Number of protein chains: 2
Amino acid sequence: MALPSGPVTTSSEAEAALFDLVDVYDRAYEAAAAELSLSPAQACVLGRLDERRGMGALAEELGCDASNITQIVMRLEALGLVTREPNPRDRRARLVARTRRGDELNHRFATAFTFARTAVGRLSPDEQDQLTALLRKALG
Amino acid sequence: MALPSGPVTTSSEAEAALFDLVDVYDRAYEAAAAELSLSPAQACVLGRLDERRGMGALAEELGCDASNITQIVMRLEALGLVTREPNPRDRRARLVARTRRGDELNHRFATAFTFARTAVGRLSPDEQDQLTALLRKALG
DNA sequence: TATTGTTATACTCTATAACTATA
DNA sequence: TATAGTTATAGAGTATAACAATA
């Protein structure tokens with residue numbers, strides 16, 4: 001179980017609500033991954049492979065070091081969930097792709113991770129639009 | 001750098017906005033901790049010690065195993081940021097407390113973690129109240 | 001010479017199981 | 001016997017540095 005990220009000095013109600021949301025979201029994500037015996041990082045990488053892509057692209061997208069991706073992909077490969085195919089255009093590079101089992105597990109994960117869906121579902125369509133607009137504004 | 005938790009099947013704009021918020025929040029938290037050479041878990045535990053408390057209370061509050069807290073507190077202690085005092089009421093138990101350096105570093109962390117403050121600051125007072133209400137409703 | 005990716009290494013987080021000391 | 005916390009152990013995430021193969 002991951003530790004929650006806060007609380008810092010939650011000087012306002014809105015900041016506290018943001019913290020609570022992030023805390024519950026992260027815990028739910030981790031729990032959904034654990035149901036499938038995946039680490040959060042493994043579930044995350046698996047979820048990025050709707051299209052196959054290179055190690056470097058994954059690292060940049062996820063904001064971590066390439067050697068980190070190497071390790072995660074290695075474990076996913078050992079689980080039979082992804083393959084590392086040669087890139088015909090550049091023999092240094094590899095293309096990571098989900099296997100059929102990887103597709104299946106990714107789909108099961110999307111089903112198991114109900115938090116965001118459930119949370120949004122508690123709001124009316126108008127409220128959903130309001131929330132989206134407020135979050136977008138807050139994100140700058 | 002921690003990997004972002006998604007995207008899952010972000011079937012709506014609101015779900016996508018929630019994901020983006022969580023992603024940016026988590027990255028900002030980690031970056032603020034890294035500025036002070038702390039891990040996110042260390043910054044988190046340090047932030048929970050405005051009042052001193054026992055190992056078990058920390059573990060329950062953070063939703064992780066007690067042995068995990070033992071390790072984190074051990075490292076914080078080695079850094080001179082917390083102490084483990086005997087509990088006069090129960091000689092099995094310990095009370096973890098921030099040192100003066102721990103107080104100082106925690107304060108610097110609260111200053112360095114600007115994300116939630118900045119994000120909320122982009123909204124008017126009315127908008128802040130709306131956001132709070134929507135998030136509370138979404139959290140159920 | 002620069003880039004893609006891996007390997008080697010080290011540290012942290014995390015849980016489980018077994019243990020000590022105390023209640 | 002039950003509880004608070006630690007220790008031992010193992011697997012996973014993460015970054016840095018050094019490296020190989022290719023561009």
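Naming: A, B, ... by sequence-line order, numbering from 1 per chain. What you see is a predicted model; the values in this text were computed from it and never measured.
Between N68(B) and dC13(C), a side-chain N or O to OP1/OP2 separation shorter than 4.0 Å is absent. An OP1 or OP2 oxygen of dT6(C) is reached within less than 4.0 angstrom by a side-chain nitrogen or oxygen of T70(A).
Under the side-chain contact (heavy atoms from CB on, under 4.5 Å) criterion, A66(B) pairs with A59(B), not counting sequence neighbours. For A97(B), the side-chain contact (heavy atoms from CB on, under 4.5 Å) test picks out R52(B), T83(B), E85(B), with sequence neighbours left out. Take T70(B) and apply the side-chain contact (heavy atoms from CB on, under 4.5 Å) test, not counting sequence neighbours, and it matches M55(B), M74(B). Contacts of D90(A) classified as side-chain contact (heavy atoms from CB on, under 4.5 Å), with partners at least two apart in sequence or in another chain: R92(A), A93(A). The salt bridge (charged side-chain N to carboxylate O under 4.0 Å, His left out) search around R84(A) returns E77(A), not counting sequence neighbours.
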What N/O pairs connect the protein and nucleotides 10-12 of chain C at under 3.5 Å? Give each pair on its own line.
residue	atom	partner	partner atom	Å
dT12(C)	O3'	S39(B)	OG	3.4

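Counting heavy-atom neighbours within 6.0 Å of Q71(B) CD, excluding the residue itself, gives a total above 12.
Sorted pairs that involve residues 55-80 of chain B and meet ring-ring contact (aromatic ring centres under 6.0 Å, His included), not counting sequence neighbours, are lacking altogether. Sorted by first and then second residue, the pairs that involve residues 121-132 of chain B and meet salt bridge (Lys or Arg N to Asp or Glu O under 4.0 Å), not counting sequence neighbours, are K137(A)-E127(B).
Side-chain atoms of S67(B) lie closest to dA17(C) of the nucleotides dA17(C), dA15(D), dA23(D). Which of dT6(D), dT7(C), dT14(C) sits closest to the side chain of Q71(A) comes down to dT7(C). Of the candidates dT7(C), dT3(C), dA4(D), the closest approach to any side-chain atom of R92(A) belongs to dT3(C).
Residues from residues 83-91 of chain B that place a heavy atom under 4.0 Å from any atom of DNA chain C, listed by number: D90(B), R91(B).
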